[in-house]
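Keep in mind that this is a model prediction, so the values were computed, not measured.
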Amino acid sequence: MGYKLTPEAFDGVINSLKERYRVFAPKRYELGGHFSDTDVIRYGEISSAKEIVFCEKSAQSFKEALLPITQVLFYFTEKEMKESDPEQKDVLVFLRSCDLNAVKRLDTIYLRNGEEDYYYKRARERIRFALIGCPEAFESCFCVDMNTNRADNYDFGVTEKDGVYFVDCKAEDFEYLFSAGTREAQIPPLFVSQTQTRVYIPEELDAGVAKASMWDEYDGRCINCGRCNFSCPTCTCYTMQDIFYQENGRAGERRRVWASCMVDGFSDVAGGGSYRQKNGARMRFKTLHKVFDYRARFGENMCVGCGRCDDVCPEYISFSRIINRLGEAMEEVRNADK
Ligand code: SF4
Ligand code: SF4
């Protein structure tokens, strides 16, 4: 069912939701941006509708709501172990179509890639989604070429235009939230159909592209800060940490913490081995994971074209540009093999 709501009525929706859910949305953090006098839009818990930023893209994704940056899995003593407590409240997240498609990638990795991840599943079962409609694409978005510009797995969708909130409610148990609005037959959320940034993934892409010379360029340009991974809604890697409360190591907690394939130490292994030491090799690994090997295994690209990695890279390295260089790189490798 569709609804039109005033800002006051939509604020009432958020207030009702807060009784049962922790509500996360893109919000403004003043003076928290790249430079000392700039703001940043990132995800956080909101307490009123006016905190939701509809007209700018968030630098970070919704991912923290499902996969905290640091998460205690269990506590241990010498003789016993206790699982960490689940969140007290359920969670509702406002997110765009690309990010809702990213949820599918997270589900694939954590639930359909061998054993189900217990902690992810625990959080996933308690999360609901509100889709933010996109009247137009932001500069670095390339969702249309990645086929993620549309999504339908939301509980309700909302598009804000000139102070009016247009809602498309799919979940029956949420219909009561919008009783203060004007009922409409249907108000589908807005989806973009074109983007300024375009990408082309060559049909004939194969693993041989790893031998191309383009990767060497990133040995110098990339500073392995990992921002691209941490802003990405589809990066799923983590590392484990045991924190001991006592010097004898017999009591403590095990945590999992976000990790990044671009930073030093990610591929260190027992015995002193370390792989992909050069930044270009890391870039090659990340790129092919996002647009080649994940697709070969699961039938769709891992990258959802949100463009955040382009937005946050301090070295102005553009991932969409890297994708667009793959055709030329394949040709170079083919010619060298002749
Ligand atoms: S690789 Fe970049 S564009 Fe693709 S989903 Fe991750 S952050 Fe978004
Ligand atoms: S954000 Fe840019 S500089 Fe930092 S690791 Fe990613 S590509 Fe390299």
Hey, are Gln71 and Tyr238 close enough side-chain-wise for a donor-acceptor pair under 3.5 Å? no

Q. Is any side-chain N of the basic residue among Arg308 and Asp99 closer than 4.0 Å to the acidic one's carboxylate O?
A. yes

Sequence neighbours excluded, the answer for ring pair (Phe, Tyr, Trp, His ring centres under 6.0 Å) partners of Phe54 is Tyr165

Note: Leu131 and Phe191 closest approach over all heavy atoms is CD2-CE2, 3.6 Å

>> Looking at Arg282 and Asp264, is any side-chain nitrogen of the basic one under 4.0 Å from a carboxylate oxygen of the acidic one?
In response: yes

Could you check whether any side-chain N or O of Lys286 sits under 3.5 Å from a backbone N or O of Cys228, counting only pairs where one atom can act as donor and the other as acceptor?
no

Closest non-hydrogen atoms of Arg96 and Cys55, given as atom of the first, atom of the second and distance, are NH2-N, 4.5 Å

Looking only at the side chains, is there a donor atom on one of Asn279 and Asn224 sitting less than 3.5 Å from an acceptor on the other? yes

Arg128 charged N/C atom sitting above Phe174 aromatic ring, 6.0 Å / 45°: yes

We want to know whether Asn101 and Thr148 form a side-chain donor-acceptor pair, criterion being a heavy-atom distance below 3.5 angstrom. no

Separation between CZ (Phe266) and SG (Cys261), nearest 0.5 Å, reads 5.5 Å

What one should report as the nearest heavy-atom pair of Ser260 and Gly226 is OG-CA, 3.5 Å

- prompt: Between Glu139 and Lys57, is the closest basic N to carboxylate O distance under 4.0 Å?
  reply: no

Smallest heavy-atom separation, Pro233 atom then Val304 atom, equals CG-CG2, 4.0 Å

Can you establish whether the number of heavy atoms outside Arg221 located under 6.0 Å from its atom CZ is more than 12?
yes

Checklist entry - If you measure from the Lys or Arg side-chain nitrogens to the Asp or Glu carboxylate oxygens, is any gap between Arg42 and Asp39 under 4.0 Å? => result no

Is it true that the NZ or CZ of Lys170 lies under 6.0 Å from the centre of Tyr154's six-membered ring and within 45 degrees of the ring axis? yes

Cationic N near anionic O, under 4.0 Å, Glu332 to Lys211:
no

Next on the checklist: I'd like to check Val199 versus Arg321 (side-chain heavy atoms, cut-off strictly below 4.5 Å). Are they in contact?
Outcome noted: no

Item to check | Transitive ILVMFWY side-chain link Val91 to Phe156, under 4.5 Å | outcome: no

Scanning both residues in full, the closest heavy-atom pair of Arg20 with Lys89 reads O-CB, 3.8 Å

Quiz prompt | Between Arg297 and Asn113, a side-chain donor and acceptor under 3.5 Å | solution = yes

Between Ala102 and Phe62 the two heavy atoms that sit nearest each other are CB-CE2, 4.1 Å

Exactly one candidate in Glu116, Glu87, Glu83 meets salt bridge (charged side-chain N to carboxylate O under 4.0 Å, His left out) with Arg122; the answer is Glu83

Would the number of heavy atoms belonging to other residues, nucleotides or ligands and lying under 6.0 Å from CD of Glu328 be above 12?
no

Item to complete: Indicate the ring-plane relationship of Phe94 and Phe10, choosing parallel, tilted or perpendicular according to the 30° and 60° boundaries.
Response: perpendicular

Notebook entry, point to check: Between Arg276 and Phe285, is NZ or CZ placed under 6.0 angstrom from the six-membered ring centre and within 45° of the ring axis?
Noted result: yes

Query raised in the report: Does atom CD of Glu136 have more than 12 heavy-atom neighbours from other groups under 6.0 Å away?
Result: no

Kindly indicate whether the side chain of Tyr119, heavy atoms from C-beta on, has any atom under 4.5 Å from the side chain of Asp117.
yes

Determine whether Lys290 and Phe319 make a side-chain contact, defined as any pair of heavy atoms from C-beta on separated by less than 4.5 Å. yes

| Less than 4.0 Å between a side-chain N and a carboxylate O, is that true for Arg22 and Glu45? | yes

* Would the number of heavy atoms belonging to other residues, nucleotides or ligands and lying under 6.0 Å from NZ of Lys18 be above 12? -> yes

* Cation-pi between Lys278 and Trp215: NZ/CZ under 6.0 Å from ring centre and within 45° of the ring axis? -> no

- Query: Does a donor on one side chain sit under 3.5 Å from an acceptor on the other, for Ser318 and Ser320?
  - Reply: yes

Q. When you measure from the side chain of Asp168 to the backbone N and O of Pro189, does any donor-acceptor pair fall under 3.5 Å?
A. no

Check Lys50 with Glu8, please: is the shortest side-chain N to carboxylate O separation under 4.0 Å? no

Heavy-atom count check: over 12 atoms from other residues, nucleotides or ligands less than 6.0 Å from Asp90 CG? yes

Quiz prompt | Flag for Tyr120-Asp107: side-chain donor and acceptor within less than 3.5 Å | solution = yes

